[in-house]
**Student:** 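Please read through the structure below; I'll follow up with questions.
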Amino acid sequence: QVQLVESGGGLVQAGGSLRLSCVVSGGTISGAAMGWFRQAPGKEREFVGGISWSGTTRYVDSVKGRFTISRDNAKNTVYLQTNSMKPEDTAVYFCNTIIPSVPPIPISDRWGQGAQVIVSV
């Protein structure tokens with residue numbers, strides 16, 4: 001069974017940066033598309049961006065130019081670099097394997113605990 005463990009969250013001031021990590025166990029990410037999602041208080045979980053098996057990335061408009069997704073298949077890890085953060089980026093961030101459709105479909109129904117990100121003004 002695939003397990004997803006996110007880390008790297010924290011409290012950051014507006015304009016600051018964080019690097020989130022997602023370590024996958026119980027399966028290899030090689031050949032898999034991976035996605036990052038977030039859930040703000042009182043809101044539905046939403047797709048943030050994804051990376052294909054070949055490294056092609058795509059992002060929602062609200063984070064384009066500020067967030068960057070990368071992957072290290074040897075470490076079975078996916079990263080989310082967040083720059084120029086805004087208070088509206090405050091959320092719990094999750095990763096998952098995805099079907100890269102429009103919209104992307106998360107594959108595992110066992111989400112990790114997520115990484116809490118709080119952006120202060």
Side-chain angles (χ1 to χ4, degrees):
Q1 187 90 22
V2 171
Q3 288 190 315
L4 307 160
V5 179
E6 301 87 355
S7 63
L11 174 64
V12 62
Q13 287 188 325
S17 301
L18 285 173
R19 189 193 194 204
L20 308 185
S21 300
C22 168
V23 177
V24 180
S25 60
T28 177
I29 68 169
S30 298
M34 299 295 299
W36 281 95
F37 299 79
R38 67 185 179 186
Q39 187 167 20
K43 294 188 177 181
E44 297 282 319
R45 184 150 43 201
E46 64 173 359
F47 175 71
V48 173
I51 185 167
S52 72
W53 65 270
S54 63
T56 302
T57 55
R58 61 174 167 136
Y59 306 93
V60 294
D61 287 345
S62 59
V63 308
K64 275 182 185 175
R66 301 188 299 119
F67 288 12
T68 303
I69 297 174
S70 59
R71 62 192 297 156
D72 185 336
N73 291 340
K75 294 183 178 179
N76 236 32
T77 301
V78 182
Y79 303 98
L80 178 66
Q81 177 69 43
T82 65
N83 298 326
S84 302
M85 297 195 75
K86 304 175 181 179
E88 51 263 44
D89 294 322
T90 293
V92 180
Y93 285 72
F94 303 87
C95 67
N96 207 327
T97 51
I98 59 172
I99 298 172
S101 53
V102 179
I105 301 172
I107 294 175
S108 175
D109 59 359
R110 292 186 64 181
W111 294 84
Q113 83 289 347
Q116 174 74 63
V117 172
I118 299 173
V119 184
S120 64
V121 297

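Residue indices begin at 1 and follow the sequence shown.
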**Student:** Applying side-chain contact (heavy atoms from CB on, under 4.5 Å), can you list everything that pairs with Val117, at least two apart in sequence or on another chain?
**Tutor:**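 Here the qualifying residues are Leu18, Leu20, Met85, Tyr93, Val119.
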
**Student:** Excluding sequence neighbours, so at least two apart, what forms salt bridge (charged side-chain N to carboxylate O under 4.0 Å, His left out) with Arg66?
**Tutor:**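 Arg66 satisfies salt bridge (charged side-chain N to carboxylate O under 4.0 Å, His left out) with Asp89 once adjacent residues are dropped.
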
**Student:** Do Leu4 and Glu6 touch side chain to side chain, with heavy atoms closer than 4.5 Å?
**Tutor:**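 Yes, close enough: below the 4.5 Å cut-off.
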
**Student:** Whether the side chain of Gln113 engages the backbone of Val5 through a donor-acceptor N/O pair (distance < 3.5 Å, no angle test) should be reported.
**Tutor:**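 Checked: no pair found.
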
**Student:** Just to verify, what does Trp111 make a side-chain contact (heavy atoms from CB on, under 4.5 Å) with, not counting sequence neighbours?
**Tutor:**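 Testing Trp111 for side-chain contact (heavy atoms from CB on, under 4.5 Å), a comparison that skips the adjacent residues, returns Phe37, Arg45, Phe94, Asn96, Pro106.
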
**Student:** Side chains of Leu80 and Arg38: closer than 4.5 Å at any heavy-atom pair?
**Tutor:**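 They are not in contact (no side-chain heavy atoms under 4.5 Å apart), so the answer is no.
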
**Student:** Quick one: side-chain contact (heavy atoms from CB on, under 4.5 Å) partners of Thr57, sequence neighbours excluded?
**Tutor:**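 Thr57: side-chain contact (heavy atoms from CB on, under 4.5 Å) contacts with Ile51, Tyr59, Ile69.
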
**Student:** Are Val63 and Tyr79 grouped together when hydrophobic residues (ILVMFWY) are joined by side-chain heavy atoms under 4.5 angstrom apart?
**Tutor:**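 Unlinked, Val63 and Tyr79 end up in two clusters.
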
**Student:** If we only count heavy atoms from C-beta on, is the Pro103 to Phe47 side-chain gap below 4.5 Å?
**Tutor:**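 Counting from C-beta outward, Pro103 and Phe47 never come under 4.5 Å.
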
**Student:** Under 4.5 Å between side-chain heavy atoms, chaining through other members, with only Ile, Leu, Val, Met, Phe, Trp and Tyr counted: pull out the rest of the cluster around Ile118, sorted by chain and number.
**Tutor:**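 Same cluster as Ile118: Leu11.
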
**Student:** Sequence neighbours left out, what pairs pass salt bridge (Lys or Arg N to Asp or Glu O under 4.0 Å) with at least one residue falling in residues 25-35?
**Tutor:**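 As it turns out, there is no salt bridge (Lys or Arg N to Asp or Glu O under 4.0 Å) pair with a partner in residues 25-35 once direct neighbours are skipped.
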
**Student:** Is Val121 isolated, or which residues cluster with it under the ILVMFWY side-chain rule of less than 4.5 Å, directly or via members?
**Tutor:**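 Grouped by the 4.5 Å side-chain rule, Val121 forms a cluster of one, so the answer is none.
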
**Student:** Answer whether the closest heavy-atom distance between the side chains of Asn76 and Thr28 falls below 4.5 Å.
**Tutor:**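 A side-chain contact under 4.5 Å exists here.
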
**Student:** Using every non-hydrogen atom in the two residues, find where Gly9 and Ala115 come nearest and quote the distance to one decimal.
**Tutor:**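 Heavy atoms of Gly9 and Ala115 come nearest at N-CB, 3.9 Å.
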
**Student:** Could you measure the distance from the CZ atom of Arg19 to the OG atom of Ser7? Nearest 0.5 Å is fine.
**Tutor:**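 OG of Ser7 is found 10.0 Å from CZ of Arg19.
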
**Student:** Locate the shortest heavy-atom distance separating Gln39 from Lys43; write the atom from each residue and the value.
**Tutor:**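 Answer, listing the atom of Gln39 first, then Lys43: NE2-O, 3.1 Å.
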
**Student:** State whether the number of non-hydrogen atoms from other residues, nucleotides or ligands found under 6.0 Å of Glu88 atom CD is greater than 12.
**Tutor:**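 More than 12 within 6.0 Å, yes.
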
**Student:** Give me the other members of the hydrophobic cluster that Ile105 sits in, counting Ile, Leu, Val, Met, Phe, Trp and Tyr linked by side-chain heavy atoms under 4.5 Å, directly or via other members.
**Tutor:**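 Via sub-4.5 Å side-chain contacts, Ile105 links to Ile99, Ile107.
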
**Student:** Hey, any chance Trp53 and Ile29 share a hydrophobic cluster, counting ILVMFWY side chains that come within less than 4.5 Å of each other, even indirectly?
**Tutor:**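 Trp53 does not cluster with Ile29.
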
**Student:** How close do Pro87 and Ala14 get, heavy atom to heavy atom, and via which atoms?
**Tutor:**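 Smallest heavy-atom distance, with atoms named: CD-CB, 4.3 Å.
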
**Student:** Under the disulfide (SG to SG under 2.5 Å) rule, what pairs show up with a residue in residues 12-121, not counting sequence neighbours?
**Tutor:**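 For residues 12-121: Cys22-Cys95.
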
**Student:** Run the side-chain contact (heavy atoms from CB on, under 4.5 Å) test against Ser25 and tell me which residues pass, sequence neighbours left out.
**Tutor:**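 Result, side-chain contact (heavy atoms from CB on, under 4.5 Å) vs Ser25: Gln3.
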
**Student:** Going by the ring pair (Phe, Tyr, Trp, His ring centres under 6.0 Å) test, which pairs reach into residues 4-32, not counting sequence neighbours?
**Tutor:**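 Residue pairs with at least one partner in residues 4-32: there are none.
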
**Student:** Please report the closest heavy-atom contact between Ile98 and Pro100, naming both atoms and the distance.
**Tutor:**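 For Ile98 and Pro100, the tightest heavy-atom pair comes out as O-CD, 3.6 Å.
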
**Student:** Can you get from Val2 to Val23 by hopping between Ile, Leu, Val, Met, Phe, Trp and Tyr side chains that sit under 4.5 Å apart?
**Tutor:**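 No, Val2 and Val23 fall in different hydrophobic clusters.
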
**Student:** Provide the closest heavy-atom pair for Ser108 versus Thr97 in the form atom of the first, atom of the second, distance.
**Tutor:**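 Nearest heavy atoms, Ser108 then Thr97: N-OG1, 4.0 Å.
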
**Student:** Only pairs at least two apart or in different chains count here, so list each salt bridge (Lys or Arg N to Asp or Glu O under 4.0 Å) that has a residue in residues 68-79.
**Tutor:**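 Sorted pair list comes back empty.
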
